[in-house]
Amino acid sequence: MTPQQKLRRFEEQISPHLKSAYNLAKWLTRSHADAEDVVQDAFLRAFSAFENYRGDDVQPENAKAWLLTIVRNTSMTWLKRNRNASSALDFEETLDAARERSPDPEEILLISCHRDAVRRALEQLPWEFREAIILREMEGLSYREISSTVGVPMGTVMSRLSRGRDWLRRILSDPRPLKPTEGAGLR
């Protein structure tokens, strides 16, 4: 493939997902400027590795999942380099099993809350849960695509979505902002 063909194919298959890439990076880094840096780095990595990409025109969502995997990994690398990773708590160990049915995505977003309340609630979620919810609810990835993007089994994706939705429901039902050490009150 010539450099011009590579560029044209990249622009056709990968570039349309720039907004999704930025959205994921912004939610993971929690910063506009950091997200821009992450996306720029991710696109450079994606372009460098594009010759190895085996996507096709029949299933363009594969290109999106492939790019978001790179964005996620780039975000994680950036966060480890630029933030104190040791300050993050292991929420998997502190989270009790959900006692009630988790609301489905439409119920969460249709609760009588404003976008800002949902945004603030999402920002309070631990990384793993926020990432799963963003990929599923905002980016429309399937469980299988999230599993591939994040590199965890599909059961873990389902668990993270369920727990994340439960956290969102609890956060949205209590208007008081939670302290980082309180989590969603599930201890």
Side-chain angles (χ1 to χ4, degrees), residues 16-39 42 61 64-65 67-69 71-76 78-79 82-83 87-150 152 154-187:
H17 305 295
L18 175 63
K19 187 174 180 179
S20 294
Y22 170 79
N23 188 39
L24 177 60
K26 183 160 187 313
W27 278 108
L28 296 178
T29 63
R30 298 179 179 183
S31 162
H32 169 72
D34 296 343
E36 286 181 335
D37 291 344
V38 165
V39 169
E61 64 274 2
K64 182 177 183 179
L67 176 63
L68 293 181
T69 300
V71 170
R72 176 194 186 267
N73 293 339
T74 304
S75 295
M76 289 176 64
W78 187 92
L79 286 168
N82 295 296
R83 297 204 179 144
S87 67
L89 298 174
D90 185 5
F91 288 98
E92 284 288 327
E93 294 176 8
T94 61
L95 185 63
D96 292 336
R99 294 178 200 57
E100 304 170 23
R101 178 188 77 79
S102 294
D104 66 43
E106 290 177 3
E107 286 176 87
I108 292 171
L109 296 177
L110 292 177
I111 293 174
S112 61
C113 295
H114 300 291
R115 282 186 180 168
D116 289 339
V118 173
R119 183 174 296 116
R120 283 190 304 272
L122 280 168
E123 289 172 355
Q124 292 182 57
L125 291 179
W127 163 280
E128 298 87 9
F129 304 135
R130 184 174 66 244
E131 171 183 63
I133 292 205
I134 297 303
L135 290 172
R136 176 73 180 153
E137 309 307 337
M138 295 186 172
E139 298 308 326
L141 269 60
S142 69
Y143 289 3
R144 187 175 313 282
E145 290 170 325
I146 296 169
S147 173
S148 173
T149 299
V150 177
V152 298
M154 200 169 347
T156 303
V157 169
M158 293 164 55
S159 173
R160 287 179 180 177
L161 284 169
S162 175
R163 289 178 172 186
R165 289 171 181 152
D166 191 46
W167 277 52
L168 277 177
R169 184 184 55 75
R170 291 173 189 238
I171 292 168
L172 290 170
S173 67
D174 186 357
R176 294 176 299 128
L178 296 174
K179 297 175 186 167
T181 57
E182 291 178 344
L186 297 177
R187 294 205 165 144

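All residue numbers in this chain count up from 1 along the given sequence.
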| Minimum-distance pair of heavy atoms, taken over all atoms of Thr149 and Leu135 | CG2-CD1, 4.2 Å
| said: Test your reading of the model: is there a side-chain donor-acceptor pair from Ser159 to the backbone of Gly155, 3.5 Å cut-off? | reply: no
| message | Restricting to side chain to side chain contact (heavy atoms under 4.5 Å, CB included), what partner residues turn up for Ser142, sequence neighbours left out? | response | Arg144, Glu145
| task | Keeping the roles fixed (side chain from Arg160, backbone from Glu128), state whether a donor-acceptor pair exists under 3.5 Å. | result | no
| Does some side-chain heavy atom of Leu122 sit less than 4.5 Å from a side-chain heavy atom of Ile134? | yes
| task | Could you walk me through whether Arg169 and Asp166 pass the salt bridge (charged side-chain N to carboxylate O under 4.0 Å, His left out) test, one step at a time? | result | CA-CA 5 Å; Arg169 184 184 55 75; Asp166 191 46; 2.8 Å; yes
| side chain to side chain donor-acceptor pair (under 3.5 Å) involving Ser147 - partner list, sequence neighbours excluded | none
| Taking only residues two or more places apart in sequence or in another chain, which ones pass side chain to side chain donor-acceptor pair (under 3.5 Å) with Trp78? | none
| query | Can you check whether Leu141's main-chain N or O pairs, donor with acceptor, with Arg136's side chain at less than 3.5 Å? | reply | yes
| said: Among residues at least two apart in sequence or on other chains, which ones pass side chain to side chain contact (heavy atoms under 4.5 Å, CB included) with Ser20? | reply: Lys64, Leu68, Glu139
| message | I need the Leu161 CG to Glu137 CD distance, nearest 0.5 Å. | response | 6.5 Å
| Spacing of Ile171 atom CD1 and Gln124 atom CD [to the nearest 0.5 Å] | 4.5 Å
| Who passes side chain to side chain contact (heavy atoms under 4.5 Å, CB included) against Met158, sequence neighbours left out? | Tyr143, Met154
| Test side chain to side chain contact (heavy atoms under 4.5 Å, CB included) applied to Ala25 - qualifying residues, sequence neighbours left out | Ala35, Val38, Val39, Val71, Ser75
| So how far is it from Trp27 CH2 to Glu131 CD, rounded to the nearest 0.5 Å? | 13.5 Å
| Spacing of Arg170 atom CZ and Leu168 atom CG [to the nearest 0.5 Å] | 12.0 Å
| query | Can you name the nearest heavy-atom pair linking Leu67 to Ala21, along with the distance? | reply | CD2-CB, 4.0 Å
| At what distance, to the nearest 0.5 angstrom, does CG of Leu24 lie from CZ of Arg130? | 10.0 Å
| request: Taking side chain to side chain donor-acceptor pair (under 3.5 Å) as the test, write out the residues that go with Glu123, two or more places apart. | output: none
| message | Restricting to side chain to side chain donor-acceptor pair (under 3.5 Å), what partner residues turn up for Thr74, sequence neighbours left out? | response | none
| Whether Arg163 side chain and Phe129 backbone form a donor-acceptor pair below 3.5 Å | no
| task | Drop me the distance from Lys19's NZ to Lys26's NZ, to the nearest 0.5 angstrom. | result | 13.0 Å
